Amino acid sequence: MTYLRGSLEKGNSVRGVNQKVPDAKMESKVTKESLPDAAATPRTVYVVFFSLLLDLLAFTMILPLLPSLLEYYRQHDTEGLYHRLSESIKFFQVAVGAPERYSSVLFGGFLGSMFSFLQFVASPIVGALSDVYGRKRIMIICMIGIALSYLLWAVSSNFAIFVIARFVGGLSKGNISLAMAIITDVSNSKSRGKGMALVGIAFSLGFIVGPMIGAIFSRYSDKSTPDWFWVPAAFAMCLALADILFLAICLQETLPKKKRAKKVLISLSRALEYINPACLFKFDAVKNLSTKDLESLKRLGFIYFIYLFIYSGLEFTVTFLMYHKFSFTSIDQAKVFLTTGVVMALLQGSVVRRLPERLTQKSAVLGLYLIVPSFIIVGLAQTSSMLYLGMIVFAISTAFVVTCMTTLTSKYGNFDQKGTVLGIFRSLGALARALGPIVASMAFWSIGSTITYIVGGILLLYPSLLLQFTVLL
């Protein structure tokens with residue numbers, strides 16, 4: 001439930017790099033040459049769904065293992081990078097009275113932010129390269145990088161190699177946005193919703209089943225032995241290799257050569273608009289909007305950024321809270337992920353997708369307000385029952401906010417600007433996730449989890465009030 005959930009929010013940012021979303025008239029004139037026939041379209045969507053599922057199962061396995069992994073490096077990497085980093089913060093650790101074992105929270109926050117930042121930078125660049133060289137080739141290259149990151153994890157006898165593994169994995173995570181671009185390539189305005197819904201299902205299944213697989217590996221691993229984690233890492237690598245083979249055999253290229261961008265430098269320069277924060281917050285790439293609409297769009301982007309910046313802090317550090325405060329095993333943590341994943345999947349499948357348009361903003365506001373008590377309940381929790389209550393409220397809020405805010409944002413701009421608008425919006429979310437974990441982990445480390453979550457909950461009143469009193473389309 002950590003680094004990657006923001007990838008779903010990143011969504012169609014690749015689409016917004018170089019391609020315009022076709023309007024209704026264009027789609028009515030689509031030829032067989034520009035779009036696969038009706039029989040081929042669902043096949044490609046299901047190929048993408050299965051590929052994402054394999055990828056997410058491998059990725060989410062590490063979630064319940066991460067606290068134990070960092071504890072392993074704390075105990076065994078006595079002369080390496082972990083030790084040097086620990087010594088460098090020794091003065092501050094003594095000053096704030098943080099237990100030595102909490103250093104793993106701080107280093108975990110660094111890894112989480114690094115991974116998300118690399119994904120934030122890499123996704124638009126990967127999208128730009130796919131506009132020139134084709135989706136399939138770049139997708140397979142991304143998956144090779146992901147498989148390599150698991151290989152490095154399997155042999156990471158010290159913390160430095162593990163950091164390199166996460167670095168390679170973050171740079172390779174452009175496959176999520178590429179999956180969205182592929183679905184957009186093969187669908188029209190009527191069938192696109194089905195494809196995106198399947199992506200949502202892949203994420204829900206991944207975040208439900210993946211942590212359970214990781215927890216099972218953890219339960220039957222002897223953590224007293226060196227490199228106990230190589231078995232789950234090797235299994236993740238096997239899933240990635242199976243994904244590469246599956247894509248090589250089953251995925252058809254969805255961007256014909258004559259439709260590709262001609263110059264890679266031009267394509268990359270456009271991608272930079274999705275990396276420059278100043279351009280993102282101003283929505284500079286969106287042209288010809290009225291002043292009123294542009295200001296509303298900027299307000300929505302700012303609200304979304306603040307929300308995800310604080311939200312991602314709890315989302316990331318809660319695994320360490322369960323490990324250090326409640327002494328949860330990996331199985332216990334996986335049960336929490338299972339509970340929240342099921343709640344979100346049920347709400348998104350039965351309620352959120354059926355919301356009438358007039359209730360979208362009200363539902364987003366309700367979701368934002370719900371996140372406030374969820375933070376406070378988790379912060380004050382002294383029993384596992386209270387922790388579960390806070391996390392269930394957290395899941396209910398999550399099910400509404402991101403989807404509803406994305407829907408609100410999609411109303412702005414002309415039809416051929418939707419991809420650009422949503423690409424910028426999701427890039428703001430990715431940037432927030434790149435900053436949130438390290439800030440929250442520093443707070444957790446220095447002032448403790450209770451104050452961190454209570455203050456975070458109170459601060460979330462700000463975006464809630466902003467959205468409530470913002471007049472939108």
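Below, each value reflects all heavy atoms present in this structure, side chains not excepted, and no hydrogens, waters or symmetry copies. If you're wondering where the values come from, they're calculated on a predicted model, not measured in any experiment.
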* Test side chain to side chain contact (heavy atoms under 4.5 Å, CB included) applied to S86 and F107, step by step -> CA-CA 9 Å; S86 297; F107 298 157; 3.7 Å; yes
* Asked: Where do Y453 and T317 land on the side chain to side chain donor-acceptor pair (under 3.5 Å) test, with the steps shown first?
  -> CA-CA 10 Å; Y453 293 149; T317 58; 2.7 Å; yes
* Hey, mind stepping through W153 and I62 against side chain to side chain contact (heavy atoms under 4.5 Å, CB included) and telling me if it holds? -> CA-CA 10 Å; W153 174 25; I62 198 174; 4.0 Å; yes
* **Test side chain to side chain contact (heavy atoms under 4.5 Å, CB included) applied to F328 and K335, step by step** => CA-CA 10 Å; F328 274 17; K335 289 178 181 177; over 6 Å; no
* Go through the steps for Q333 and L63 under the test side chain to side chain contact (heavy atoms under 4.5 Å, CB included), then give the verdict. => CA-CA 9 Å; Q333 293 183 45; L63 302 183; over 6 Å; no
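Ring to ring, F444 and Y102 are close: their centroids are under 6.0 angstrom apart. Separation of the Y412 and F283 ring centroids does not fall under the 6.0 Å cut-off. Proximity of the aromatic rings of F59 and F115 is defined here by a centroid distance below 6.0 angstrom, and this criterion is met.
Residues I125 and Y274 have side chains not in contact (no heavy-atom distance under 4.5 Å, counting atoms from C-beta outward). The shortest side-chain heavy-atom distance between K411 and L472 does not fall under the 4.5 Å cut-off. Counting heavy atoms from C-beta outward, S68 and Y323 have side chains that approach closer than 4.5 Å. Residues I377 and Y388 are not in side-chain contact: their nearest non-hydrogen atoms beyond the backbone lie 4.5 Å or more apart. Under the 4.5 Å side-chain criterion, counting only non-hydrogen atoms from C-beta, L321 is in contact with V378. When side chains are defined from C-beta on, Q93 counts as touching W445, because their heavy atoms get closer than 4.5 Å. Using a 4.5 Å heavy-atom threshold, the side chains of F203 and M344 count as separate. Residues F425 and S410 form no side-chain contact, since every pair of their non-hydrogen atoms from C-beta on lies 4.5 Å or further apart.
Aromatic ring pairs are classed by plane angle as parallel below 30°, tilted from 30° to 60° and perpendicular above 60°; the pair F305 and F309 is parallel. Relative ring orientation between F320 and H324 is described as parallel, the plane-to-plane angle staying below 30° on a 0-90° scale split at 30° and 60°.
A donor-acceptor pair under 3.5 Å is formed between the side chain of Q361 and the backbone N or O of L467. Here the side chain of S123 pairs no donor or acceptor atom with the backbone of F120 at under 3.5 angstrom. Between the S113 side chain and the A434 main chain, a donor and an acceptor come within less than 3.5 Å of each other. For N158 (side chain) and G80 (main-chain N/O), no donor-acceptor pair under 3.5 Å exists by modelled atom type. The main-chain N or O of M391 is never found under 3.5 Å from a side-chain atom of S374 such that the two would form a donor-acceptor pair.
Under 3.5 Å, the side chains of D227 and Y72 contain a donor-acceptor pair of N or O atoms. Looking at S104 and R74, their side chains never bring a donor and an acceptor atom within 3.5 Å of each other. For T398 and Y311, the side-chain atoms include at least one donor-acceptor pair closer than 3.5 Å. At a cut-off of 3.5 Å, with distance as the only test, a side-chain donor of Y369 or Q468 sits close to an acceptor on the other residue. For D332 and T329, the side-chain atoms include at least one donor-acceptor pair closer than 3.5 Å.
Minimum interatomic distance between L459 and I310 (heavy atoms only, all atoms of both residues): CB-CD1, 3.7 Å. Smallest separation of non-hydrogen atoms from F229 and S156: CZ-O, 3.1 Å. For the residue pair L106 and M442, the shortest heavy atom distance occurs at CD1-CG, 3.5 Å. Residues L294 and K282 come closest through the heavy atom pair CD1-O, 4.0 Å. Heavy atoms only, all atoms of each residue included: I146 and A240 are closest at CG2-CB, 4.4 Å. The two atoms that bring D243 and L54 nearest to each other are CA-CD1, 3.8 Å, heavy atoms only.
Within 6.0 Å of atom CZ in F326, more than 12 heavy atoms from other residues, nucleotides or ligands are found, so the atom counts as buried in its surroundings. The number of heavy atoms from other shown groups lying within 6.0 Å of CH2 (W230) does not exceed 12. Surrounding CD of E357 are at most 12 heavy atoms belonging to other residues, nucleotides or ligands under 6.0 Å away. Counting heavy-atom neighbours within 6.0 Å of F167 CZ, excluding the residue itself, gives a total of 12 or less.
Here the CG atom belonging to L465 is positioned 11.0 Å from the CG atom belonging to L460, to the nearest 0.5 angstrom. Separation of atoms CD1 (I176) and CE (M139) is listed at 8.0 Å; rounding is to 0.5 Å. Interatomic distance, L368 CG to S363 OG, rounded to the nearest 0.5 Å: 11.0 Å. Rounding to the nearest 0.5 angstrom, the gap separating the CG atom in L178 from the NZ atom in K173 is 11.5 Å. In this structure, F159 CZ and L81 CG are separated by 6.0 Å, a value rounded to the nearest 0.5 Å. Atom CZ of F394 sits about 13.5 Å away from atom CG of L389, to the nearest 0.5 Å.
Using a 4.0 Å cut-off between charged nitrogen and carboxylate oxygen, E295 and K298 count as a salt-bridge pair.
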